[in-house]
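Contents: one structure, followed by commentary.
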2 protein chains.
Amino acid sequence: MIQTDQAQPVFRALADPTRRAIVAMLADGERPVGDIASEFQMTRPAVAKHLAILREGGLISVEIQGRERINRLIPDRLKAAADWINHFDRFWDERLAKLKQIVEKE
Amino acid sequence: MIQTDQAQPVFRALADPTRRAIVAMLADGERPVGDIASEFQMTRPAVAKHLAILREGGLISVEIQGRERINRLIPDRLKAAADWINHFDRFWDERLAKLKQIVEKE
DNA sequence: TTTATATGAAACCTTTTGGTGTTATGTCAA
DNA sequence: TTGACATAACACCAAAAGGTTTCATATAAA
């Protein structure tokens with residue numbers, strides 16, 4: 001059944017729009033928690049929870065700098081999700097090729 | 001913020017392992033509801049709910065054939081998710097290129 | 001050393017999610 | 001037409017998700 005279980009924490013992390021926004025945000029550069037939270041309407045603890053889930057999914061890392069915690073994107077893990085999806089791209093191509101064959105035979 | 005909203009229903013649909021298993025299953029061929037349900041330990045109504053969410057995400061279509069409802073994968077929508085992820089692949093490549101430049105200068 | 005700042009952690013609330021069992025409906029087959 | 005079958009549609013439940021407020025702690029800055 002492919003590597004569904006490996007991709008699990010990543011897909012869970014990406015399922016929420018706030019978390020995807022954070023990922024996009026961190027693509028432009030690392031940022032501390034409060035700094036990220038200031039971009040959203042929700043409270044800082046709520047954003048901190050999202051960051052924890054992204055961390056569980058292996059999508060971001062945290063570096064403690066004094067009283068700040070710098071969040072940094074690790075895009076590698078996104079590949080696990082991309083790989084899973086790409087598997088079906090290939091399937092789709094095969095299907096189209098088969099269909100083409102059938103059509104051309106007639 | 002990229003096309004996060006477009007990808008929303010797809011990511012939501014893929015967030016659950018059962019639904020990803022169904023997607024993988026339908027990649028091998030279309031199947032009716034009960035047939036799909038027989039592969040899982042949960043009840044048929046539970047599977048039917050998952051199918052409904054996959055339908056909302058535009059990942060599968062249903063064709064009514066007599067008293068059966070044939071579920072068929074539409075992998076196109078998976079591209080919305082793949083596109084989103086690919087954006088960060090590009091970003092990562094750029095980062096690596098920049099890093100390489102810096103390293104090589106020294 | 002006092003005060004302000006950045007954050008985590010805990011307790012709590014509400015809504016959604018993933019399940020169940022039951023009942024109703026349309027369709028196939030004897 | 002009668003009975004079995006494939007499903008949808010409910011009503012319902014427990015757990016997880018997403019949020020809030022409050023409080024504690026460590027660090028920076030006055």
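Convention: sequence-line order gives letters A, B, ...; per-chain numbering from 1.
- The backbone N or O of A:G57 lies less than 3.5 Å from no partner atom in the side chain of A:R12, so there is not a single donor-acceptor pair.
- The phosphate of D:dT7 (OP1 or OP2) has no side-chain N or O of B:R44 nearer than 4.0 angstrom.
- For B:R69 and D:dT7, a side-chain-to-base donor-acceptor distance below 3.5 Å is absent, hydrogens and geometry of angles not being considered.
- Between B:R67 atom CZ and D:dA6 atom C1' the separation is 6 Å, expressed in whole Å.
- The minimum heavy-atom distance between A:V10 and A:R77, with the atom names listed, is CG1-O, 3.9 Å.
- Between B:R31 and B:D35 there is a salt bridge, with a side-chain nitrogen of the basic residue lying less than 4.0 Å from a carboxylate oxygen of the acidic one.
- B:M25 and B:V33 fall within a single hydrophobic cluster, where Ile, Leu, Val, Met, Phe, Trp and Tyr are joined by side-chain heavy atoms under 4.5 Å apart, directly or via other members.
- Remark: P of C:dC28 and CD of B:E68 are 9 Å apart, rounded to the nearest angstrom.
- Formation of a donor-acceptor pair under 3.5 Å by the B:R19 side chain with backbone atoms of B:A13 is found in this model.
- Remark: P of C:dG8 and CD1 of A:I64 are 8 Å apart, rounded to the nearest angstrom.
- Ion pairing between A:R69 and A:E63 fails under the 4.0 Å rule for side-chain N and carboxylate O.
- The nearest whole Å value for the distance from the CZ atom in B:F40 to the C1' atom in C:dT20 is 17 Å.
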Exercise. If a protein heavy atom is under 4.0 Å from the base, mark B; if only from the sugar-phosphate, S; if neither, -; do that for nucleotides 13-19 of chain C going 5' to 3'.
Key: ----SSB
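- Atom CG in A:L51 sits about 11 Å away from atom C1' in C:dT7, given to the nearest Å.
- Contact annotation for B:P32: backbone-only contact, meaning every heavy-atom pair under 4.0 Å involves sugar-phosphate atoms and none involves a base.
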